[in-house]
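The analysis underlying the following values was restricted to heavy atoms, covering all of them including side chains, and did not include hydrogens, waters or symmetry mates. The shown structure was predicted, so the numbers you read here are calculated from the model rather than taken from an experiment. Counting starts at 1 for both ligands and their atoms, following the listed order.
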Amino acid sequence: MRKKIVAGNWKMNNTLEEGQKLTSEIVNMVNDEVNEDVTVILAAPFTHLTMVKSGISAASKVYLSAQNCSEHASGAYTGEIAAAMLNSVGAEYVILGHSERREYFSETNQQLATKVDIALENRLTPIFCCGESLEIRENGDFVSFVCNQINESLFHLSEKEFSKIVIAYEPIWAIGTGLTASSEQAQEMHAALRSFISDKYGNVIAENTSILYGGSAKPSNAPELFACEDVDGGLIGGASLKSRDFVDIVKSF
Ligand code: PGA
């Protein structure tokens with residue numbers, strides 16, 4: 001059985017104090033209200049990781065993620081954060097290849113393959129993001145584009161390594177725009193990705209890979225998205241900054 005996961009991507013939002021309040025509200029609501037077996041992940045800015053780690057210690061379902069890591073192990077890379085550092089402050093997950101990193105920081109599939117390796121070496125579970133632009137969606141090449149992202153960044157992994165990966169499909173045209181992929185569009189892509197993974201790693205690994213949807217997910221559309229056979233949860237941006245909305249999404253399975 002693959003894991004059901006809801007991850008909140010705070011992006012570059014919240015002061016330490018605001019993040020602390022949000023963390024404690026989420027932990028309390030998850031402890032009180034969530035009976036389902038769902039893995040809840042908070043992807044906080046680097047400066048907040050230690051605080052969030054201590055805030056979630058009382059919640060059995062809540063885990064810590066970073067939003068990026070360096071492709072280098074250590075050394076003279078001013079301003080960068082190494083995977084080993086994330087592990088040392090208690091992060092369990094790291095988001096890699098978010099479309100904002102790809103677009104604003106020119107991250108390539110090849111560079112992301114290196115980041116995936118270094119994350120795994122440091123016992124971090126990559127939440128690997130993929131997704132197409134509106135232009136590619138309208139061209140009709142979206143399935144092969146997204147499969148190619150997976151191929152170039154993940155298919156060098158061994159079966160054992162790949163089985164640790166979480167995938168997040170986030171159509172760029174739906175991120176922060178209020179436009180959500182329809183449940184049919186999400187299901188189509190998720191099923192295509194699972195079959196692509198199955199061709200490479202076999203059916204058992206494909207069936208056990210959690211594939212999350214991201215892009216303007218909110219309490220009103222999460223139940224329909226999460227009801228899709230191949231949608232195993234969500235990567236939530238805007239709505240993860242409001243505890244009530246975020247926990248309502250967690251409860252949408
Ligand atoms: P959004 O962001 O929910 O605000 O669209 C999702 C993401 O970028 O991970």
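- At a threshold of 4.0 Å, the pair E36-K61 does not count as salt-bridged, since none of the basic side-chain nitrogens sits closer than that to a carboxylate oxygen.
- Residue-ligand proximity, K11 to ligand 1, at heavy-atom distances under 4.0 Å covers atoms 2 (O), 7 (C), 8 (O).
- Where the criterion is an N or O separation shorter than 3.5 Å, residue side chain and backbone included, G215 fails it with respect to ligand 1.
- Considering backbone and side-chain N/O atoms, G237 comes within less than 3.5 Å of an N/O atom of ligand 1.
- Between the side chain of E25 and the main chain of S243, no donor-acceptor pair closer than 3.5 Å is present.
- Below 4.0 Å from some heavy atom of E170 lie the following atoms of ligand 1, by number and element: 6 (C), 7 (C), 8 (O), 9 (O).
- The closest approach between a heavy atom of A239 and any atom of ligand 1 is not below 4.0 Å.
- Using 4.0 Å as the threshold, G176 has a heavy atom nearer than that to some atom of ligand 1.
- A salt bridge does not link D232 with K4: every distance from a Lys NZ or Arg NE/NH1/NH2 to an Asp or Glu carboxylate oxygen is 4.0 Å or more.
- E17 has no carboxylate O lying under 4.0 Å from a charged side-chain N of K21, or vice versa, which leaves the two without a salt bridge.
- Taking a cut-off of under 4.0 Å to the non-hydrogen atoms of N9, the atoms of ligand 1 that pass are 9 (O).
- Residue-ligand proximity: K218 is placed with every non-hydrogen atom at 4.0 Å or more from ligand 1.
- Of all the heavy atoms in L225 and A181, the pair that sits closest is CD2-O, 3.9 Å.
- Those atoms of ligand 1 that come under 4.0 Å of a heavy atom in A174, given as number and element, are 5 (O).
- Ion pairing between a basic and an acidic side chain is recognised when a charged N comes within 4.0 Å of a carboxylate O; K251 and E33 show such pairing.
- Salt bridge D248/K242: absent, no basic N to carboxylate O contact under 4.0 Å.
- Residue H98 has at least one nitrogen or oxygen atom sitting less than 3.5 Å from a nitrogen or oxygen atom of ligand 1, judged on distance alone.
- Both the backbone and the side chain of I175 come within contact range of ligand 1, each with a heavy atom under 4.0 Å.
- Ligand-side atoms of ligand 1 in range of G238: 1 (P), 3 (O), 4 (O), range being under 4.0 angstrom from any heavy atom.
- Between R101 and E107 there is a salt bridge, since a side-chain N of the basic residue sits under 4.0 Å from a carboxylate O of the acidic one.
- Between E135 and W173, the side chains place no donor N or O within less than 3.5 Å of an acceptor N or O (distance only, hydrogens not considered).
- Here is the list of ligand 1 atoms found below 4.0 Å of a heavy atom in L235: 6 (C), 9 (O).
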